[in-house]
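Working notes, structure below.
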Number of protein chains: 2
Amino acid sequence: MLLIGELARRTGTKVETVRFYEREGLLPPPKRTAGNYRAYSNRHLNRLSFIRRARDLGFTLDQVRELLDLADDANRSCAAVDAIASTHVAEIDRKIADLNALREELVRLLDQCEQGTIAHCLILDALAPAGLEGTAHRRDVSAPDPGRE
Amino acid sequence: MLLIGELARRTGTKVETVRFYEREGLLPPPKRTAGNYRAYSNRHLNRLSFIRRARDLGFTLDQVRELLDLADDANRSCAAVDAIASTHVAEIDRKIADLNALREELVRLLDQCEQGTIAHCLILDALAPAGLEGTAHRRDVSAPDPGRE
DNA sequence: TATCCACCCTGTATCCACTAGAGGGTCAAG
DNA sequence: CTTGACCCTCTAGTGGATACAGGGTGGATA
């Protein structure tokens, strides 16, 4: 009933992405019209909406596949779904912690910066390796000549 | 002076990654030994250390390239470096905000879950599209048969 | 009927930053 | 003379799409 463009529009998906999900086996291949256009049903619409919501919540395509498999079997325990979501929250927590640490480090560098010249730039100093010896300047990350030394 | 394995070990990089940085133009090609092994100098070591630190702080390879270019020109203002770092902090802030929103949504779902069967799983319900009509169950994201209407 | 245009098709390449593997060469020790 | 650790080049794969080339379809308009 729906052509791919309309399906894409209704689910906030790009047309290429819909075809990509078909190739990946997440969305079953629909019937075709006489002109070889994909003709989608409401069930396809529902399934694609589910996929998009799960992706928006950050689930990987593999996790989405698992969730869809679980949803197909109404009698199984909800525990497996819970486990996937819990794992996902733990991953998110780890990412947030990593980003916070990074942010702190960068802000610390920025706070030190007094807008001088590169030669005295504290940000670059912080990036440069510690304990250089015997070079012209204590921070020297300039490109060695190809094939040098 | 250093073979690639030793350089990699000292900078916490994989050997393949060192070669990758060379292909990408971040690390200049070193001299070769008689047996065609890459022979690195201390300048290479410094430069690779810089690259790794910047990457650890989440800068993209393009940003690293920019930072290295800036570091090469000691007389320029530090402002450009500051700008790159500030942009990066803003990106991190956006990512953290996104992840926090995601996390909240997922935890809300998990809190509702009462470990029943899939048929009554609130997590799956939350993922399923709103306003379904005329199907056997109000949530139906099961795979339509290939080629089915 | 011709032409236009929006839409659809398949197939392939691209993005990022690596990582892995095939298939082989080098070099020092035993 | 063989073992084994290291090195080489080249190619392909990861995730999750996105973009494009080169063509077909179908409805409205001139």
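The sequence lines fix the lettering, A, B, ..., with proteins before strands; numbering per chain opens at 1.
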Original post:
Between Leu7(B) and Thr13(B), is any pair of side-chain heavy atoms under 4.5 Å apart?
Top reply: no
Subject >> Arg32(A) CZ to dC7(C) P, straight-line distance once rounded to whole Å >> reply: 19 Å
Subject >> Segment of DNA chain D, first to last nucleotide, that comes within the 4.0 Å heavy-atom reach of chain A >> reply: dG16(D) to dG26(D)
Original post:
Does the side chain of Phe59(B) come within less than 4.5 Å of Ile51(B)'s, by heavy atoms?
Top reply: no
**OP:** Find the distance between CD (Gln63(A)) and CG (Leu68(A)) and round it off to the nearest 0.5 Å.
**Re:** 12.0 Å
**OP:** Determine: side-chain N/O of Arg55(B) to OP1/OP2 of dC18(C), distance under 4.0 Å, yes or no.
**Re:** yes
**OP:** Kindly compute the distance separating CG (Leu106(A)) from CD1 (Ile84(B)), expressed to the nearest 0.5 Å.
**Re:** 12.0 Å
Original post:
Does the side chain of Ile92(A) come within less than 4.5 Å of His88(A)'s, by heavy atoms?
Top reply: yes
Quick one: which protein N/O atoms are closer than 3.5 Å to N/O atoms of nucleotides 27-29 of chain C? Pair and distance per line, please.
from	atom 1	to	atom 2	distance (Å)
dC27(C)	OP1	Gly35(B)	N	3.4

Subject >> Which residue lies more 5' along DNA chain D, comparing Arg52(A) with Arg38(B) via nearest heavy atoms >> reply: Arg38(B)
Original post:
Angle, rounded to 10°, between the helical axes spanning five pairs at each terminus of the helix from dT1(C)-dA30(D) to dG30(C)-dC1(D)?
Top reply: 30°
Subject >> Rounded distance (nearest 0.5 Å) linking atom CG of Leu45(A) with atom CZ of Phe50(A) >> reply: 14.0 Å
**OP:** May I ask you to say whether Arg53(A) pairs ionically with Asp56(A), meaning some side-chain N is under 4.0 Å from a carboxylate O?
**Re:** no
**OP:** State plainly whether the residues Glu91(A) and Lys95(A) are in salt-bridge range, i.e. N to O under 4.0 Å.
**Re:** no
Mind listing the side-chain donor-acceptor pairs of residues 16-30 of chain B below 3.5 Å, one per line with the distance, residues two or more places apart or on another chain?
from	atom 1	to	atom 2	distance (Å)
Tyr21(B)	OH	Arg52(B)	NH1	2.7
Glu22(B)	OE1	Arg38(B)	NE	2.9

Original post:
Where along residues 4-21 of chain B does a heavy atom fall under 4.0 Å from DNA chain D?
Top reply: Ile4(B), Gly5(B), Arg19(B)
Original post:
Roughly how far, to the nearest 0.5 Å, is the CD1 atom of Ile4(B) from the OH atom of Tyr37(B)?
Top reply: 11.5 Å
Original post:
Is there a side-chain contact between Arg55(A) and Val64(A) (heavy atoms, below 4.5 Å)?
Top reply: yes
**OP:** With the side chain counted from C-beta on, respond yes when His44(B) and Arg47(B) share a heavy-atom pair under 4.5 Å apart, and no when they do not.
**Re:** no
Original post:
Between CG of Leu67(A) and OG1 of Thr60(A), what distance do you get to the nearest 0.5 Å?
Top reply: 9.0 Å
Original post:
Roughly how far, to the nearest 0.5 Å, is CG of Leu99(B) from CD1 of Ile96(B)?
Top reply: 8.0 Å
**OP:** Mind running a 4.0 Å heavy-atom check of residues 83-104 of chain A against DNA chain C and sending the residues that fall below it, in number order?
**Re:** none
**OP:** Could you walk me through whether Arg10(A) and Glu6(A) pass salt bridge (Lys or Arg N to Asp or Glu O under 4.0 Å), step by step?
**Re:** CA-CA 6 Å; Arg10(A) 289 212 208 167; Glu6(A) 180 65 10; 3.1 Å; yes
